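Since the structure is predicted, the reported quantities are computational estimates derived from the model, not experimental observations. Counting starts at 1 for both ligands and their atoms, in listed order.
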Amino acid sequence: MTYAILGSGAIGTALARRFVAKGIDIAIANTKGLESLAGLVRELGSNVTPVTASEVLQADVVILAVPFDAVQNAVKDVEWDSRIVVDATNAVDLPAFTPRDLKGRLSTEIVADAVPGARVVKAFNTLQAATLGADPAVLGGRRVLFVSGDDPSARLAVVGLVERLGFAAVDLGGIAEGGRAQQFDGGVSGKEFVQLG
Ligand SMILES: NC(=O)c1ccc[n+]([C@@H]2O[C@H](COP(=O)([O-])OP(=O)(O)OC[C@H]3O[C@@H](n4cnc5c(N)ncnc54)[C@H](OP(=O)(O)O)[C@@H]3O)[C@@H](O)[C@H]2O)c1
C-alpha cells in the first residue's frame, strides 16, 4: 500500500511527521515544487519522498491536505480506479475562521464529487495541526482520530492506518452522519479526545 499527501503545509507536514515516526514511507507534494521540500526531507529523513502533485495522485491512498477551495483544481483529470482519497480538508472561510456556507451539502460530499471513482474517507481534519503532528500517546492513552466514509473497506483501511500511526481510531460510519460530525461546524471538530487504557 502506498501513501501520499497532497499539501506540505501545516497539516501535510504534521501528518508526514507521524508517518515518519512509525517508519512508514510517505510521498508528499505541494505547488512550489520538489526543491521547496528539501528542508522537510532534511528534518524528517528518508521515509519522506518529495514528488510532483501528479505523482502523489497515483498513490493507493491519497491524503488531501490542501485548502478546501484548491481541491477541485488539484485533483482534476485523475483516473481513480477505486483508490482511496482521504479528505483532511475543512471548508472554512478565512480569515474569519467561520464555516463555509455549503448550501446544505457536506464538505466531503463536495470533495467526493471532485474525485469520481475514488473511495472517499474523511479523516485527519479534526485536530489542530500542532496536535496532529505531536506524539499521540498522551495521558497513558492515545489521542483519538475520527474516520467516516461510505465504502466500508476503504473506511476500515483508514481506520487501520490511523491505528498504525499511533492514534485511537473511532469509526463514525458513513459520510451523512460521520462526515457531518467531523466537518468544520460538526460536533467533534476541533475537539481533542483521548482513549485511555
Ligand atoms: N492548520 C490546521 O490546524 C488544520 C486543521 C484541520 C484541518 N485543516 C485543513 O487542512 C487543509 C490544509 O490546511 P493547512 O493549514 O495545512 O494549509 P497550509 O498550511 O496553507 O498548506 C496548504 C498546502 O496545500 C498546498 N497546495 C495548495 N494547492 C495545491 C495544489 N493544487 N496542488 C498541490 N498542493 C497544493 C500548498 O502548497 P504551496 O505551499 O506550495 O503553495 C501547501 O503546501 C485545509 O483544508 C484546512 O482547512 C487545517
Side-chain angles (χ1 to χ4, degrees), residues 3-19 26-41 43-44 48-59 61-78 80 85-102 105-115 118 120-134 136 143-148 158 162 165 167 172 175 178-193:
Y3 301 101
I5 305 170
L6 191 69
S8 64
I11 286 292
T13 296
L15 270 173
R17 203 178 292 289
R18 296 319 332 145
F19 274 82
I26 185 74
I28 192 162
N30 59 17
T31 59
K32 294 195 189 79
L34 301 183
E35 304 77 33
S36 70
L37 293 162
L40 187 66
V41 175
E43 182 193 342
L44 296 184
V48 179
T49 306
V51 295
T52 64
S54 48
E55 285 174 285
V56 154
L57 298 171
Q58 295 309 315
V61 178
V62 176
I63 303 172
L64 301 179
V66 297
F68 180 73
D69 290 337
V71 169
Q72 187 90 29
N73 202 37
V75 299
K76 66 173 185 240
D77 301 330
V78 176
W80 289 102
V85 169
V86 182
D87 174 23
T89 72
N90 277 329
V92 54
D93 284 324
L94 298 172
F97 210 61
T98 50
R100 169 75 47 87
D101 180 2
L102 300 174
R105 298 203 72 204
L106 300 179
S107 62
T108 300
E109 290 174 342
I110 294 170
V111 169
D113 284 350
V115 292
V120 176
V121 176
K122 190 157 194 70
F124 303 124
N125 72 305
T126 55
L127 294 178
Q128 289 293 314
T131 308
L132 182 67
R143 225 172 241 131
V144 168
L145 284 179
F146 299 93
V147 180
S148 58
V158 177
V162 163
L165 292 174
F167 295 86
L172 290 181
I175 293 298
R180 183 180 302 280
Q182 278 172 261
Q183 72 175 25
F184 188 68
D185 54 359
V188 301
S189 174
K191 300 198 174 69
E192 289 183 34
F193 299 91

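Distance from atom 3 (O) of ligand 1 to its nearest protein heavy atom, with residue and atom name: A129 N, 2.9 Å. Distance from atom 41 (O) of ligand 1 to its nearest protein heavy atom, with residue and atom name: T31 OG1, 2.6 Å. Of the protein's non-hydrogen atoms, the one nearest atom 10 (O) of ligand 1 is A88 O, 3.4 Å.
Those atoms of ligand 1 that come under 4.0 Å of a heavy atom in N125, given as number and element, are 6 (C), 7 (C). Residue-ligand proximity, P67 to ligand 1, at heavy-atom distances under 4.0 Å covers atoms 22 (C), 24 (O), 27 (C), 44 (C), 45 (O). When each atom of ligand 1 is checked for a heavy atom of F68 under 4.0 Å away, the hits are 45 (O). Residue-ligand proximity, G7 to ligand 1, at heavy-atom distances under 4.0 Å covers atoms 23 (C), 24 (O), 25 (C), 43 (O). Numbered from 1 in the order shown, with element, the atoms of ligand 1 that lie under 4.0 Å from a heavy atom of A74 read 30 (C), 31 (N). Annotation for ligand 1: atoms under 4.0 Å from non-hydrogen atoms of A70 are 28 (N).
Between V92 and ligand 1, not a single N/O pair is under 3.5 Å apart. Any N or O atom pair closer than 3.5 Å counts here, and A10 shares at least one such pair with ligand 1. For ligand 1, the polar-atom distance check against S8 finds a nitrogen or oxygen pair separated by under 3.5 Å. Residue contacts with ligand 1: K32 is placed with a nitrogen or oxygen under 3.5 Å of a nitrogen or oxygen of the ligand (distance criterion only).
Within the 4.0 Å heavy-atom criterion, neither part of A91 lies near ligand 1. Contacts of A65 with ligand 1, taken as heavy-atom pairs under 4.0 Å, involve the backbone alone.
For atom 20 (O) of ligand 1, no protein non-hydrogen atom is found at a distance below 4.0 Å.
Every residue was checked against the salt bridge (charged side-chain N to carboxylate O under 4.0 Å, His left out) condition with D185, not counting sequence neighbours, and none meets it. The ring-ring contact (aromatic ring centres under 6.0 Å, His included) test applied to F167 returns no partner, not counting sequence neighbours.
For atom 11 (C) of ligand 1, the nearest non-hydrogen atom from the set T131, V66, V111, L127 belongs to V66. Nearest to atom 7 (C) of ligand 1 by heavy-atom distance, out of T126, N90, V56, is N90. In this structure, of N30, I11, I63, the residue bringing a heavy atom nearest to atom 34 (N) of ligand 1 is N30.
Judged purely by distance below 3.5 Å, without hydrogens or angles, the side chains of S148 and K122 never pair a donor atom with an acceptor atom. Side-chain contact check for T89 and N125: no donor-acceptor pair (N or O, by modelled atom type) lies under 3.5 Å. Of the N and O atoms on the side chains of Q128 and T131, not one donor lies less than 3.5 Å from an acceptor on the other residue.
For F184 and F97, the ring centers are positioned less than 6.0 Å apart.
Of all the heavy atoms in A74 and L57, the pair that sits closest is O-CD1, 3.3 Å.
Judged by distance alone, the side chain of T108 and the main-chain N or O of V111 form no donor-acceptor pair under 3.5 Å. When atom types are taken as modelled, the side chain of E43 and the backbone of L40 share no donor-acceptor pair closer than 3.5 angstrom. A donor-acceptor pair under 3.5 Å is formed between the side chain of Q182 and the backbone N or O of F146. Not one N or O on the side chain of R18 forms a donor-acceptor pair closer than 3.5 Å with the backbone of L165.
Using a 4.0 Å heavy-atom cutoff, L6 is listed among the residues neighbouring ligand 1.
The CG atom of L145 lies 6.0 Å from the CG atom of L132; values are rounded to the nearest 0.5 Å.
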